[in-house]
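Working notes, structure below.
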2 protein chains.
Amino acid sequence: MGRPTMNDVAAEAGVALKTVSRVVNDERGVNPATADRVRAAIERLGYRRNDSARTLRRGRTASIGLVIEDAADPFYSGLSRAVEDVALRHGYLMFTGSSSEDPVRERDLVLAFCARRVDGLVIVPAGADHEYLTPELDAGISAVFADRPSGSGRDLDTVLCDNAGGARAGVAHLIAHGHRRVGFVADAPSIFTATQRWYGYRQALDAAALPYDPALIAMGPPEPARVEADVTRLLALADPPTALFTGNGRTTVATLRALDRPVALVGFDDFELADLLGITVVAQNPAGLGTAAADLLFSRLAGNREPAQRRQLPTRLIPRGSGEGAFRLL
Amino acid sequence: MGRPTMNDVAAEAGVALKTVSRVVNDERGVNPATADRVRAAIERLGYRRNDSARTLRRGRTASIGLVIEDAADPFYSGLSRAVEDVALRHGYLMFTGSSSEDPVRERDLVLAFCARRVDGLVIVPAGADHEYLTPELDAGISAVFADRPSGSGRDLDTVLCDNAGGARAGVAHLIAHGHRRVGFVADAPSIFTATQRWYGYRQALDAAALPYDPALIAMGPPEPARVEADVTRLLALADPPTALFTGNGRTTVATLRALDRPVALVGFDDFELADLLGITVVAQNPAGLGTAAADLLFSRLAGNREPAQRRQLPTRLIPRGSGEGAFRLL
DNA sequence: TTGAAAGCGCTAACAA
DNA sequence: TTGTTAGCGCTTTCAA
């Protein structure tokens, strides 16, 4: 038997299909008495509008797709929640998917969302190539990049945080506290944000006329084991760093685990309990990133046809001890 | 002009609509040469199947809805990611929504998902009343409750963790280390898990023949400020607790912030850096909860018609110092 | 192996 | 104020 349809309701109420549609959609111009009869029939049958059919007919699905790296990562879950709130405020529902930093999975998710005819997309790019988006954009789907830009494809709205500036400020802070050998621990250079933060690190050294020593650089896969091994290696150098700058929240946490002695430390990304632990950080704002990206997306959905924007959100240095003295747990 | 449709492809390839459908869906019985011609037309036009139309016709949308409390909370984001992974493995997409612990918002989200005709739902109930689900269930939508049961409505599959048992073990651990006055800090009793954990707390006291002192109970809204005030109040008692048991991750963190002296502490929920801080916890498994709930849901979608199950996942006590001695940061 | 026709449940356009 | 008709893009059924 399946669910009751508008037709069933119409039959039950003794009116035409279109009248039911009018009532369901609160269109004006329906006799109150008729409307009541329709509503009674709806109640009796347990009717609920099929939004799938509705959106097929109207050409807009009132849904967006969000592709992040990992829904379980606090940074991206904060971003996700912010996007969701904006979407709901606009009466949109949101599909979510995690790319696991895999460009193929990113593409598959995005295209699956497009096949469902989402009206728009917020994408944290895992890959640099977004040529695959072109037919979708041509077809009228809007897309915004968040946290990282695309390396190819059409120029699209992009919301980033000030990665280089933030890293520069963090490293400069360490230098200002007397450090001349600062280690840099971060994700692999293939990740946009890692490379940007590395630029910032270099800029801070340059500004202080300090030499750049490749031996102090530890970039690689985000696995904690790799980070811990790299930190141990750095600290075992003949001329070890007296301070470390870590490239994101995950890396900072893994680094903390690997420290066998007090070391000055500034980390990119704030994280829960960093304040209690006394970790100096360069904070970015995941929710702000999500809100900005979603706002931009909905302005496009509302008809905004201006050229693509690139927005950059500021970071904030929060001194808590580890960057001014050294981090020590006990 | 909009996107090309199957009809456009058919015209371009000089075949009938149905032939295009066959090729797009990899149905057998198409002449390879014809298929190639169709594929070429698809390529030329940038055609992509409209899954909205497809699912309307087929009656299944291959999508599920997930309603959690807050996508930004590490516990629920872990659960969310696990559900997503199971869904994707089955070729399903997932809508996500955060209820913010508001029963009305939960209902609105669930019904919005139902209007999109999701095939199934995983719900972390914010409210206790789920009568509103009945028409949807009658219409064939499957639903599974995770983390908390429903208080009303039809008996549905439910996946919980062993809240009472975990709390009992945690409090017994404190008692075994000599504590006779243990404070209990948790969410409001309206939250199922908080009440269950309070039961466990009482059971542990009873088992040790210790008196239950209402003055040691601090349950209330999840706001950090409330928790901090309550902890301060407990510690200021004439006969203060020598140990605290905290009811979830958020509460534990807020409690840590409020401590002005070393206190023995065991918290429900593991959380990032708890190991570094030396916090003894009763760990549950958010991803396990999500996986179990999603597996149950997909078994229903596959046709499983057995009576509703209630599954309970075990917890694990992890001693790290704060429960054996006392928590101290410096 | 291929195609024509009907219809999923709804809304848009146009009568009456 | 109400209803009729067509059709969104696809799959299903049945026929050729």
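Keep in mind the model is a prediction, meaning the values are calculated, not measured. Every chain is numbered from 1, with letters handed out A, B, ... down the list of sequences.
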_Nearest-angstrom distance from the residue atom CG of B:Asp36 to P of C:dT1_ = 14 Å
*Can you pull the salt bridge (charged side-chain N to carboxylate O under 4.0 Å, His left out) pairs that have at least one residue in residues 288-312 of chain A, sequence neighbours excluded?*
A:Asp157-A:Arg300
*Can any side-chain N or O of B:Arg148 pair as donor or acceptor with the backbone N or O of B:Phe192 at less than 3.5 Å?*
no
*Do A:Ser152 and A:Asp129 have side-chain N/O donor and acceptor atoms under 3.5 Å apart?*
yes
*asked:* Side chains of A:Thr96 and B:Arg81 only: does a donor on one sit below 3.5 Å from an acceptor on the other?
replied: no
*For the pair made of CZ in A:Arg57 and P in C:dC10, what is the distance, rounded to whole Å?*
13 Å
_For DNA chain C, the residues among residues 41-55 of chain B that have a non-hydrogen atom under 4.0 Å from it_ = none
*Would you call the rings of A:Phe298 and A:Tyr92 parallel, tilted or perpendicular, where under 30° means parallel and over 60° means perpendicular?*
perpendicular
*Step by step, work out the side-chain hydrogen bond (donor to acceptor under 3.5 Å, both in side chains) result for B:Glu69 and B:Ser100.*
CA-CA 5 Å; B:Glu69 197 215 306; B:Ser100 301; over 6 Å; no
*Check whether the side chains of A:Ser98 and B:Glu84 place a donor and an acceptor atom closer than 3.5 Å, and report yes or no.*
yes
*Scan residues 5-14 of chain B for pairs that pass salt bridge (charged side-chain N to carboxylate O under 4.0 Å, His left out), counting only residues two or more places apart or in two chains.*
B:Glu12-B:Arg44
*Calculate the interatomic distance between B:Leu56 atom CG and D:dG7 atom C1'; express it in whole Å.*
12 Å
*Residues in salt bridge (charged side-chain N to carboxylate O under 4.0 Å, His left out) with A:Asp119, at least two apart?*
none
*Specify the residues of residues 6-35 of chain B, ordered by number, for which at least one heavy atom lies under 4.0 angstrom from an atom of DNA chain C.*
B:Val15, B:Ala16, B:Lys18, B:Thr19, B:Arg22, B:Gly29, B:Val30, B:Asn31, B:Thr34
*D:dT12 P sits how many Å from B:Arg60 CZ, rounded?*
10 Å
*Are side-chain N/O atoms of A:Arg49 and A:Asn25 paired as donor and acceptor at under 3.5 Å?*
yes
*Starting from P on D:dT1, measure out to CZ on A:Arg37 and report it in whole angstrom.*
15 Å
*Calculate the interatomic distance between A:Arg58 atom CZ and C:dG9 atom C1'; express it in whole Å.*
14 Å
*So what is the end-to-end bend of the helix from C:dT1-D:dA16 to C:dA16-D:dT1, with 5 pairs used at each end and the value given to 10 degrees?*
40°
*Does the side chain of B:Glu136 pick up a donor-acceptor pair with the side chain of B:His130 at under 3.5 Å?*
no
